[in-house]
Every structure is written in C-alpha cells, then in structure tokens.
Amino acid sequence: MWSISDHDRGQADLSGRTDWWKPDPEEFDKSIDLKTDAPHSARIYDYLLGGKDNFPADREAAAEITKDWPNLPTSMRANRNFMCRVARYLASERGIRQFLDIGTGLPTSPNLHEVAQEVAPETRVVYVDNDPIVLVHARALLASSREGKTAYIDADLSDAETILDSPQLRDTLDLDRPIALCLIAVLHFITDERQALDIVDQLLRPLASGSVLALSTVTADSAPDEVNPGMAAYNARGIISKSRNKVEVERFFDGLELLDPGVVLVNHWHPDDAARAVHDAHVHMYGGVAVKP
Ligand SMILES: C[S@@+](CC[C@H](N)C(=O)[O-])C[C@H]1O[C@@H](n2cnc3c(N)ncnc32)[C@H](O)[C@@H]1O
C-alpha cells in the first residue's frame, strides 16, 4: 500500500492552488505502472471534465464511449457539482468537520477539502483511491488549510480494514466524532450488489453516530437509450461497471436517516442555479445523503 501524508509535502504551497505540483509520472516513481496504453476510468473522467491528466488511450476510449453516450460529460459535471454542494451543505448546515472521500479521482478544482475548508478551515479530509495515476497526482490533494489537515491513502474501496486502520486515517480523523463517508461516482465500479452493500456497511459500522453517508452512482433511469450502450462501451474496454435503478440505490441507505430530498438525480439535490439549468435527461447519476442514527 502506498500512501502520502501531509508530512511528506515539504515546502508545499498552502495557498489552496491545486496546480503547484505537476509531476512527470516517469520521475515520480519508476515502480508505479500507469498502464498508459489502456484506458482508465479516472483519466476518462478527467478528460471529459476538461482536465489534462490523461493519455491517448483514455481520449480514444472517451471519444468512442461518448458516441453512444453524448451527454456523459454533462452528467459528469452535474455529479462534480453535486459533490461540491454536498460538501458545502455538510460543513455549513450539519457541522461536519471530517470527511472520508473514497474514489477521489484526479485532483479537480475545487476539491472536496477546498469546498469544506472554505466553510470551516479546520476541516480534515482523508482521500482514498486505488488508481496509480491518482496517487501520482495526490500531492495536489494535500494542500490543506493551515488549520485543517488532508491525507491520501492508496487503497481499494473493498478493503475497509486497510482504509480504517491506516495510520493516515488514524492520524487525521477522530473515529469518535462524526465523519462524512463520501462515495461519489465510485459504487458503479462494484458490480456485485451484495458486495457493494457489504462495503458500505463495513465502512459505516465503525463510524460514530451522526456520521453521514453521501453517495452518487450511475443510473440508466433518466436516459436508458444513452446509458445502456454507454455502459456497455465502458465494459467492452475493460472498465467493469453497472448502472442502478432508484430502488437499488435507496438500498444503500437502509437503516440510515435519509435526508431530504431523498435519492434523486444529482441535479435535484439542493440545487443551485447551475443544477437547475441542467435537463434531467442529461443527468445519469442518482445521489443521496443520510445520517447514521
Ligand atoms: C468517476 S471518478 C469519481 C471522482 C470523484 N469522486 C468525483 O465524483 O468527482 C471514480 C474514481 O473512483 C476510483 N475507483 C474506482 N474503483 C475503485 C475502487 N475499487 N477502490 C478505490 N477507488 C476506486 C477511480 O480510480 C476514480 O478515480
């Protein structure tokens, strides 16, 4: 398991910019195989959001996938905005000061800690992803406010024990106080329903009462003619993933107090002007937020 904590930052620029550390992947660590000849979900997402941390294989896959799924970039932007609204809401309306964000993706401004620390600078965030390209760029996630703290763990979502027992998490988060577990746009990569439910359960179990589950995941409900062939295109390129209907997404919140407005297309969750401007048929993610009693 690779990991970087904020102690490793050295003379990091703490201004909140996320572009201060742009590594040459070749120089970072020769032992990390980025497999640049195969498309990766994090890099396709980065490309479709307008990022630069992607390779020809990712761009070619994105071009093919969006032939079937032309509104995928719109849906991804709606998802990213949902993540920002959720982080802001939890920090400002619910007093959450600790976040565990699994399936972080490549740094994309604003990152979750930037949104939450704008509300409460003392906020602490642990990021987790299993993609080596995210690890290579992880230092950009560590530009915490001076009052708060961020850490990064290179681990798999399905390995709850490794995540929860890691020194990075234990040094950053207090398990006796509420934590927001954020699984934003990652559960569609866990295709076995029982396994996905067990993962959420294992991650939530040790968290204190008052902790929060915030998630979003792909649905074909709003545009089956686009999403079904689009998901097939992802799977044909080795990125194994599935969409879920509303009932399947609601199951993740069983036993929790689902907050208003429940499980909805992400543009309907506490919408701002940008979210209100998006057409439902162009949004292919359900999202919801719930509190652990
Ligand atoms: C679509 S991106 C979402 C990024 C960010 N959460 C957002 O919503 O903007 C999905 C991320 O989940 C990561 N991921 C996929 N499967 C994972 C797993 N089993 N464990 C940890 N991370 C995973 C990918 O590497 C990628 O960075």
Side-chain angles (χ1 to χ4, degrees), residues 1-3 18 32 34-35 38-51 53-54 58 61-62 65 69 72-87 99-116 125-138 140-141 152-164 166 169 180-192 195-196 198-200 202-203 213-219 230-231 234-235 238-243 266-267 269 283-289:
M1 183 184 76
W2 287 87
S3 59
T18 55
I32 298 179
L34 295 178
K35 299 192 174 77
H40 270 224
S41 65
R43 300 190 304 232
I44 293 173
Y45 186 67
D46 174 72
Y47 174 64
L48 292 175
L49 285 176
D53 301 316
N54 47 72
D58 309 306
I65 292 165
W69 196 351
L72 176 59
T74 303
S75 184
M76 286 174 163
R77 280 194 296 277
N79 174 70
R80 193 75 198 172
N81 289 345
F82 166 77
M83 183 280 283
C84 292
R85 294 199 307 282
V86 168
F99 291 80
L100 173 57
D101 178 52
I102 307 181
T104 298
L106 281 153
T108 304
S109 195
N111 294 293
L112 192 154
H113 73 276
E114 295 170 309
V115 176
V125 180
V126 171
Y127 291 112
V128 182
D129 205 288
N130 70 349
D131 193 323
I133 188 78
V134 181
L135 172 65
V136 166
H137 291 272
L141 298 166
Y152 182 80
I153 306 170
D154 176 43
D156 198 282
L157 168 64
S158 59
D159 197 352
E161 211 174 292
T162 297
I163 295 170
L164 293 165
S166 80
L169 187 142
L181 170 64
C182 300
L183 302 173
I184 309 294
V186 65
L187 282 169
H188 41 260
F189 298 115
I190 308 291
T191 55
D192 182 276
Q195 189 196 6
D198 284 349
I199 285 172
V200 173
Q202 285 161 14
L203 287 165
L213 171 65
L215 67 80
S216 65
T217 194
V218 172
T219 185
M231 289 302 269
Y234 262 100
N235 281 280
I239 301 170
I240 305 305
S241 41
K242 70 178 283 192
S243 62
V266 289
N267 54 322
W269 199 91
V283 178
H284 315 135
M285 303 288 292
Y286 275 133
V289 179

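Remember, it's 1-based here, ligands and their atoms both numbered in the order they're listed.
- Taking the six-membered ring where tryptophan is involved, the planes of H284 and W69 are tilted, since the angle between them lies from 30° to 60°.
- For D46, the salt bridge (charged side-chain N to carboxylate O under 4.0 Å, His left out) criterion is met by no residue, not counting sequence neighbours.
- Partners of Y286 according to the ring-ring contact (aromatic ring centres under 6.0 Å, His included) rule, which considers only residues two or more places apart in sequence or in another chain, do not exist here.
- Here the options are D58, N54, N79, the test is side-chain hydrogen bond (donor to acceptor under 3.5 Å, both in side chains), and the partner is Y45; only N79 passes.
- By the 6.0 Å contact criterion, OH on Y47 is open, its count of non-hydrogen atoms from other residues, nucleotides or ligands being 12 or less.
- Around ligand 1, the residues contributing at least one heavy atom under 4.0 Å from the ligand are S41, A42, Y45, N79, R80, G103, T104, G105, D129, N130, D131, V134, A155, D156, L157, I184, A185, V186, F189.
- For D198, the salt bridge (charged side-chain N to carboxylate O under 4.0 Å, His left out) test picks out R194, with sequence neighbours left out.
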